[in-house]
Visitor: 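My structure is below; once you've seen it, I'll send some questions.
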Amino acid sequence: MANERWRKRLVGNRALSPETLMMGYGYDPFLSERSLKPPVFHTSTFVFRTAQDGKEFFELAYGLRQKRPNEEPGLIYSRINNPDLQILEDRLAIWDEAENNLAFASGMAAISTSLWAYARPGSVIVHSGPVYGGTDFLLKKILPQFGVTSIEFPAEGGAKAMEEAADRAHEIGPIAALYLETPANPTNGIVDIRRARLLAESLRDGRTPVIIVDNTMLGPLFQTPLAEGADLVVTSLTKYVGGHSDLIAGGCSGAAAALEPIRGMRTILGTMCDPHTGWLLMRSLETLKLRMTAAAEGARRVADYLQNHPAVASVWYLGFLPEDHPDRPVFERQCKGAGSTFGFEVQGGEAEAFAVLDRLEVIKLAVSLGGTETLASHPASMTHSDIPPEEQMRLGITPALIRLSVGIENPDDLIADLDQALRR
Ligand SMILES: Cc1ncc(COP(=O)(O)O)c(C=O)c1O
């Protein structure tokens, strides 16, 4: 493990920015033949110098004793720890302004492992809606099989809807977690994290529910949920952090104590990230700010174009939230930018949306988001198809809705592509 020399976060009195720290934080080249970049530690297990070392490493990893001052966890087995993941986790924690991070095999692995760690039979999870289709399935179809109820409130219902959902949940059992996806995929609905914190504190009935925020849509650059009062932030690293649509991974950040039960659950479920993916993510983190900034600028241009097009009925770009919209003050306080994933409705329904999607030549027709390339998809029939049609309509996932994830191409090329697809 790297010593303090490789974990310096100041130069003189100046605190180093996350984008600077991504080039080397937490990695000691002198432990790896002076290699500038961390090697990929493709190993399942690590050799102990002595049996006593092995005993002490396990004691710490399994929580059988407290950590001694300055003691670093010893490497044991790659399901428990691995150097690539440790460096990656240190760097992800910097972006999330967290004490610690855990890297997972997918965003869903991060979400499900976190919920397994906190939910108990008889408990309730209060969550915003819509949430990503996989999360929706977990909350409504899988967790109930284990005696965990989910109560949904619409993101656009504001704090009142959240509080009413908590009241209903209380009648069923203790609230294990407030689970928020904000902005929501695909509607960009916003939930006020500070209000969730106040609600969680007011619910104190022995144990305050943990607040988990899915930060995939804006994170980590444009939103920092822990600073707003969340306990844990989960992110599909598959999206903006990976950023090249070539890997699947997830992360969960928070205080070390809040992550402890999740770490234990990850070790037993085996939902950790693999070292090679961890290495790819570290490479991606070096360009994260550049990519997210460029994509956000391109998205603004594309959204401006779409908003003025006669074949477009509405554009759900966060930068267009009207001054008098209830989400506007929350957006301005909670978010540092509008990001680059948003939906727009064409005039008509599914047939008209499909016609536009099928005519695109530069923009690829694929689910996912946050990559360097622009992707378009149809949430109602793809990512959110598991949600019954009437519920889709209630959540705003209409047949005319197309979701765009704008990449880092020249925005004029994207506009030309949309122009020909919408014109015919
Ligand atoms: C908001 C959100 N959360 C979680 C996930 C799940 O992530 P993964 O596909 O990495 O499991 C996705 C995937 O699309 C998502 O959009």
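Both ligands and their constituent atoms are indexed starting at 1 by order of listing.
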Visitor: Provide the closest heavy-atom pair for A256 versus N100 in the form atom of the first, atom of the second, distance.
Guide: CB-ND2, 3.8 Å

Visitor: Students should find this: residues with any non-hydrogen atom under 4.0 Å from ligand 1. What is the answer?
Guide: S106, G107, M108, I111, Y132, E181, N185, D214, T216, S236, T238, K239, A249

Visitor: Can you find a heavy atom in the side chain of R301 that is under 4.5 Å from one in the side chain of L414?
Guide: no

Visitor: Does a side-chain heavy-atom distance below 4.5 Å link H384 with N185?
Guide: yes

Visitor: Output all residues satisfying salt bridge (Lys or Arg N to Asp or Glu O under 4.0 Å) with E19, sequence neighbours left out; order by chain, then residue number.
Guide: K289

Visitor: Between T135 and E181, is there a side-chain donor-acceptor contact under 3.5 Å, judged purely by atom types and distance?
Guide: no

Visitor: From the options D274, N82, D84, L280, select the one residue that forms a side-chain contact (heavy atoms from CB on, under 4.5 Å) with V40.
Guide: D84

